[in-house]
Amino acid sequence: MLRLDNVSKVYRIGAFGGKALYAVNNVSFEVHKGEVVSLIGESGSGKSTIGKMILRLLDVTEGKITYNGEDISTFKGETLKNYYRQVQGVFQDPFSSYNPIFKADRIFEILREEFFPNIPIPEWQHRVKNALVSVGLNPAHVLNKYPYQLSGGQLQCFLIARALLLDIQFLVADEIISMLDASTRIDVLNLLADLKSRGLSILFITHDLSLAYYISERAVILYKGYVVERGAVEKIFHTPLHPYTRMLMDSIPRLDRKWEKGTTLLERKIEEFRGGCPYYERCPVAEKICAIYRPSLTEVDTDHFVACVHYEPSTNLLGAPAYTEQRTSQSGLG
Amino acid sequence: MRKLALSVFTMLILASLLLAACGPATTPTPEKIIQTVEVEKRVIETQIVEVTPTGQVAPTTYPRNETLYVSGAAWGPASTWNPFQPGMLANTTGTIGLVYEFLFFYDPLTDKFIPWLAEKGAWTDPTTYEVTLRKGLTWSDGRPLTAEDVKFTLELGKKYPALWFSPLWTNTGLTDVTLVDETTLKLTFKDPLYQEWENYLFNLPIVPKHLWENRSEEDITTGANENPVGSGAYLYLTHAEDRNVWVRNENWWGIPIFGKPAPKYIVDIRTSSNNVALGMVVKGELDLSNNFLPGIATLAEKGYVKTFYEKAPYMLSANTAVLFLNTTKKPLDDAKFRRALAFAIDVPSIVNVAYANLVKAASPSGLLPTMSKYDDQEVIARLGYTFDTAKAKQMLADAGYKDVNGDGFVEAPDGSKIELQVTCPNGWTDWMAAIDIIASSAQAAGINIKAAYPDYGAWNTALQGGTFDMTLNNWAQMSNTPWTLYNLLFRHPIQEQMQAGNFGRYVNQQMFDLVDALARIPTTDETGMKAATSKIQELMLTEMPVIPLWYNGLWAQWTETTWTNWPNEKNPVSLPTTWSGYWQMGGLQTLINLKPAVQP
Amino acid sequence: MKKRNEVLYFALRNKKLLIGSGIILIFLLLAWVGPAFAKYKPFDYANPLGAEPPSTEYWFGTTFFGQDVFSQFVNGLRATFIVGLLGGGLGTLVGMIIGFAAGYRGGILDEILNAFTNIVLVIPTLAVLLIIAAYLQVRSLLMECLFIGLTAWPWAARAIRAQTFSLRTRDFVDLARLSGMKPYKIVRREIAPNMMSYLVLVFILQFGGAILTAATLDFIGLGPTNAISLGLMMQYAVLWGALPLGMWWWFVPPGLAITAIVGALYSMNVGLDEIFNPKLREM
Amino acid sequence: MRRYLTRKILIYTLTFFLAVTIDWLIPRFMPGDPIRNMLARVSVASNASAIQMMYDYYARLFGLDLPLWQQYLNFWKALFQGNLGISTYLFPTPVIEVLKRAVPYDAFLLIPSILLAWYAGNNFGAIAARSKRLDNFILPLSYVLTATPYMWLGILLAWFFGIVLGLFPIAGAYSFSLRPTWSWTFVLDLLHHWFLPFASLFIIDFGGWAIGMRNMIIYELEAEYSRYLTALGAPQRLIRRYAFNNAILPQITGLALRLGVIVAGALVTEVVFSYPGIGYLLLAAIQNQDYFLIQGCFLFIILGVLIANFVIDLVYIVVDPRTRRGMVGESA
Amino acid sequence: MALKVENLTVYYQTLRGDVHALEHATFQIADGEIMGLAGESGCGKTTLGHSLIVLFPPMKYIAGKVLLDGEELPIWDSERMNAYRFRKVSLIPQYAMNAMNPIRKIGKMIQELLESRGVDYREVLPELKRRLDLVSLSHEVLNMYPIELSGGMKQRMVMVISSLLNPSLLIADEITSALDVATQKAVAEMLVEFRDCQFVNTMIVVTHDISILYQIADSILIMYAGVLAEKAPTQSIIESPRHPYTRMLISSLPEVGVRHADKRLSGIPGNPPLLLNPPTGCRFRDRCPLAYERCLEEPPFLEIEKDHYVACWKEFESHA
């Protein structure tokens, strides 16, 4: 239903835009109808950029995003509006999603103005109330209030209700629970799961593998704009292949198991990425070749892809790279 | 960081101090004049070369009792010492008069020519003028001044049409200058314009041939002529943005004849505003101010300053402020309307209010009091005008100008609306006040006139291009002949740009002929001149193409703390002025007559 | 609701705002009704005696020509407010258009507008104004407002751009785009209301700036050629020797009024800033 | 840093190019004709034909008889040779000479007043921010000062100190009775004349900087690094010092922005005190329709402001590490 | 007892009245103990952490006593507190990203800070370098400006600075919430290491993430709506929570390895009360499934087992 083909996002930096910074690099994946796909990565991995590109809030630099076979970058005016009827987003910071000087329910009013100007107001209010009830809110408690009078969880539900008022088919949920209190997180997460059961497709963006596992069918692991691992969530969760995924797994604070000590490699300096494997600087199992060679995404199992030389059959691990000295001098850790 | 800031700051202050001190004015290293220096075009050598005629070192401070401080002549910083420079002469007033001299001086108070470089000059026959120079004339570099120099100067006008006095050859009728002997010249004319020619006698500065003959055309027409070498009573000493300083020429040829000018130094101050001049006069920092100082009447009454007359108008009259009417525009093309307008203007209020009695109302003839003998009193009594609103209304009504639409203003006989503007340059506040009064008094008579103050450039463009309705002008100064004024008023032929007169484009061949005729009357024929001016006045007052309103004063106020024996109504020997063009009309005599005040 | 009350609460307790707006109101009133009370027209030669110090007949004295200073003053005050309002308003408007456009659109438009703003910012306004003023040889008050407004906008544009820039990244703007709102509408309905307090401050500063600029222009003789203003009064006073003649009543009131008005505006500005910015409240 | 600098230089070059072009346009598109205005002062005695001859002569002299594009190119060419044409008001002085004479006065008046006011104002503001009592007094005073029109303060100072008390001269750069020499008499006289114009510029700017600094300091004292230092028990002295060091940065930017305004202040101050700087010259040029001089003054002011801005940008690089490390692309 | 807090009450002064951000806090921390402080946002945990070291307006000391190593901290007197700050009590703030002066080199800033506290930088320098090694920062950072460091690096740098004088009590305020899981883990482990190396005696780790506390804390204090709800050794809190709020809180955490399709988790319905006018009695009453009449009275914070404190009438009943 929604498909990314070799999508890249490049920012131009330098005095005359001379240098290119790849926020997203050659990313491809697909979200099928009624499916939840998790996009996992730490900050700076490009996961939110992908969400914004899907929502047409950012332009795609290279590659193509198609929705039901149509290139979304061609949408304009009415067709774009039509796209937004079907594809919506909810963002990380619930408070930032509301204009602080207006009441929270203004988002519904805007929706009516833009998409349903012909629906009479009483009828619309009725629809709004239904939508609020369906996301588990009591309209009497939450309507006619300013954003700061509502909790983060309520605000996120508001946004989901807003999406439901449209003929929505696809939802981009960008870290929607990371700023919520533990007590309400799970409710919002459950709400998403309920939506899925209604046939909605969801792109669930998160940095938490366990949440991805809780809710999604498939996952995409991003590192510095590259897909390092992708596939069915069970496979990734149970047999993480990429060292980065493994490190993410190990770092999850769990209530049932204590951390293994000292498995995390930390940056000592801000390093510029010079090519090679993006994870090279932090990788505990890096080979010499990783400094200069960027592995491609290889299918190692059905619906399980990974980009790591260790899983690339044809790579000659003995090729001596030029950066050996540098690496040994920089990656010592305490 | 703070330390750094402070030290940088100190350095900057010091540096700027030094720059300011040595930048603007002359470096005080006196040197002998370098006469043979070929002054490169536009390179200001004065910055380094200094003139010290007597060889002594110029002082840091000019001794107060030897220095005359004057102001009101210069309107901009000094930039040229070229006596032939047109536009900017006012800036270095004194170049002409103090440094360069003329064949004659002219005394407007007595209407007499005073032989100056010339011992005598006269028409030997109707087309030959013979002039004899004094003996023993010298240039300030010690070389003798001879008839050669005069001939050279006159012929420059023939050689270079871009020089302002080239009409001497093209217009006045001069055809030839011949050297009779070392001091005598014979000038041959064809159909001479006597009146105009005599103007040149005291307006054309004579330059030294030996220094000018090798100069290029550009140098002569536009060169700045730093280090001026003249024959006059004073020498250039130094200048800055706001002053010109002259020092007495101790070897001046005129000392034995006219006497030694009393002040050793003349500091000619350019005051940025009247305000500053007023402050300086009151404090006694200025000996003579030739600025228009609005508050001076009060100060004169109280005795803080002296003026030529003790009572109003305090000042002599220097020129006539006339209202030019654009005769190409309706209804100003109608002489009846113009005459009615003349009666509608409240000149007494202009005199009393705008000028606080510092000026006098003008004679309807427009001629200055010094020329009053050419006023035909009979004509003036018969055709002259006075402020009379009722009469103006009556005249308008008689001519068919009536208020048809009831807005309080008359319409033209053809029913068209009349909306006129009277203008003067913005910032000329006394004139602005005056045109306010013109507009309001005309409105009282039912003529819709509004005052407007465009910027000088716009005003000048409108003036010369003839796009104004009516405007004030006073470009004819005191002169030896009534022709000067009438030439301004009725200049012809009419051209696209009228740059020097008849801005209202008044076309009347009869008038043009009368003015031309006046120009041809020999200056000795006073009766002939009177007859000619009478005719002009009669026609002018009947047709009223311009309206003379008041005389601008020869603004002069002085104190006697340092210098005394100023000319005044009791001692009217000369004009107390330093204005450009007035040194030769009595300004210099005033300096010669000055006496140091008795120091208490 | 509560938020608005809070603003009002602070507003009524903020001395700087109250004093500032009090002064402005007094002068505004004077400019409004003053001319009706003036016994003479500003340019009428009312006093045949010429310059006189303040008296019961001539409240602020008379000028050198006997013009009523009070009448000139109240009429000049009116001109001052007009310049402030129109010139400052125009400056704010242009600043808003450019600031919003650059800040919201970003990208190449931003680069261009930003470069343009920087250029205009570096060029000394007065030098440009002088030249413009010299071009227009007959100048009206409205003309003055126009060219003051058209040269005063750069810093406003910059400030607004920066604010817009930070607001643009807020999620509610993205949400508005997801609702299919047009950029202009997003700016008007989502961004501008959030900056209202800021825009008010910008306007106040532009208002004061326009008054000062106009006074400067007027003073050096490039003001309106057909009206009275406080700057012109000062120019005339200096030109006609009010200083050496000791006619303090001629040059003190106009300068004092400008200082008071602009000072009051600045004071209001700080007051409002304190109200809108809780951080400053405690000080 | 390189990015920051290239950007700046680009902007400055553009500004300069634009300013020069505007500059060139001035005499060409102004109503009225500079030469006709200049010749308007020619003796009335001349007749019409002579004036036309003079007009042609001068048009050729000023190069106004060439096609426009040629004039534009010539203008640039001349500019690089330091030739700005000839002043009509001060004919035949080259504009560059006229400017050269005025510049030292400007430097003498502006540099000390700008820098001293900045320095004193910032320090005073910083002090005010720390004392409630001082703040209550300094703040209103500073507001009044920044709101004061330059000329009014000038007039008041001239009137009170110059006329009522008679302590200072109110016009000119040095006494009329003096010739510039290397003597104490002259230098003291110079300072005597300089003082009031300097004071009027200084006082007004001082107020502005004081307020600015006070507000900035208050913001900085609320900043998180200040809170952290407080939490670690650092003495107020250190916290204030850090706050000052941070608050001074926007003030440096402000200084760059202020330069354009100061030119205005200098102009009216020079007018009030008849001080022979560029501002005064510009006004005279405008009043006398001397477009070539207007052109020169404008160019000079622009150049001055650009250079000063550039210097400030360089200073900024020294004081703000963020610019040096290329992290800040945007500021003044 | 390293830290003893008795009846500590701190309000926020606002226009609409005092916000009762922290009331009647009474607890103790043993030597070498890392105490986790957890709760929902707005529960007063940050207020509690900050009140032990610095009270910025509008925070206002109302009542209570704080004893550190037997010495009373004059927390109501900012001037007098200065003597204790940094040396005895120190803070790693939430805003570590902006905690360093942006225009000073880090080393220079540390030097100036130390010297202002009368400590010789040169003497401390070797130790400082050792600690940089410990947190995997190169010594070059001392020669850098804060802006040249990444968020995680700044966080670690501030940790080093705050603990440099070996304070007895270190308060770490939400220092992991802005970090990625990997960095989170490393930073959390470093905190433990600091304690293990005896850089600090005791530590209060303020966070909303209980699972992190489970990894590093010795005991956990749960707060709810400005009052203490439960404090116990970590294992007890996680495995046998006594307060209904704690129980619900823990059960609402997504269990790793659970899928929605398999097991649906649930949160705590309702919202915490506003603290401007907090309800009398138990503040969790409205959301508590076990609430009964007794809950109209405010429950005391009592030790019901060794080192296990709780404020719930129901629990007291079952133990009575």
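Below, chains carry the letters A, B, ... as their sequence lines are ordered, and counting in each starts from 1.
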(message) Please report the interatomic distance CG(B:Leu237) to CZ(D:Arg179), rounded to the nearest 0.5 Å.
(response) 5.0 Å
(request) Quick one: pull up OG1 in B:Thr271 and CZ in D:Phe176 and give me the separation to the nearest 0.5 Å. (result) 7.5 Å
(request) Tell me, for D:Leu178 versus chain B, whether the close heavy atoms (under 4.5 Å) come from the side chain, the backbone, both or neither. (result) both
(message) With a 4.5 angstrom heavy-atom cut-off, is it the side chain or the backbone of D:Ser177 that approaches chain B, or both, or neither?
(response) both
(request) Could you list which of residues 275-283 of chain D have a heavy atom closer than 4.5 Å to any heavy atom of chain B, in residue-number order? (result) D:Pro276, D:Tyr280
(request) Taking side chain to side chain donor-acceptor pair (under 3.5 Å) as the test, write out the residues that go with B:Asn473, two or more places apart. (result) none
(request) Under the side chain to side chain donor-acceptor pair (under 3.5 Å) rule, collect the residues that match up with D:Thr185, sequence neighbours excluded. (result) none
(request) List for me each residue that meets side-chain contact (heavy atoms from CB on, under 4.5 Å) alongside D:Leu156, sequence neighbours excluded, and say none if there are none. (result) C:Phe251, C:Val252, D:Trp152
(request) Heavy-atom distances under 4.5 Å only: say whether B:Met498 touches chain D with side chain, backbone, both or neither. (result) neither
(message) Can you tell me which portion of B:Glu217 sits under 4.5 Å from chain D's heavy atoms? Options are side chain, backbone, both or neither.
(response) both
(message) I'd like to know which of B:Leu463, B:Ile269, B:Asp242 tops the heavy-atom pair count under 4.5 Å against chain D.
(response) B:Ile269
(request) Look only at the side chain of B:Arg243 and the backbone of D:Ser175, and say whether a donor-acceptor pair between them is shorter than 3.5 Å. (result) yes
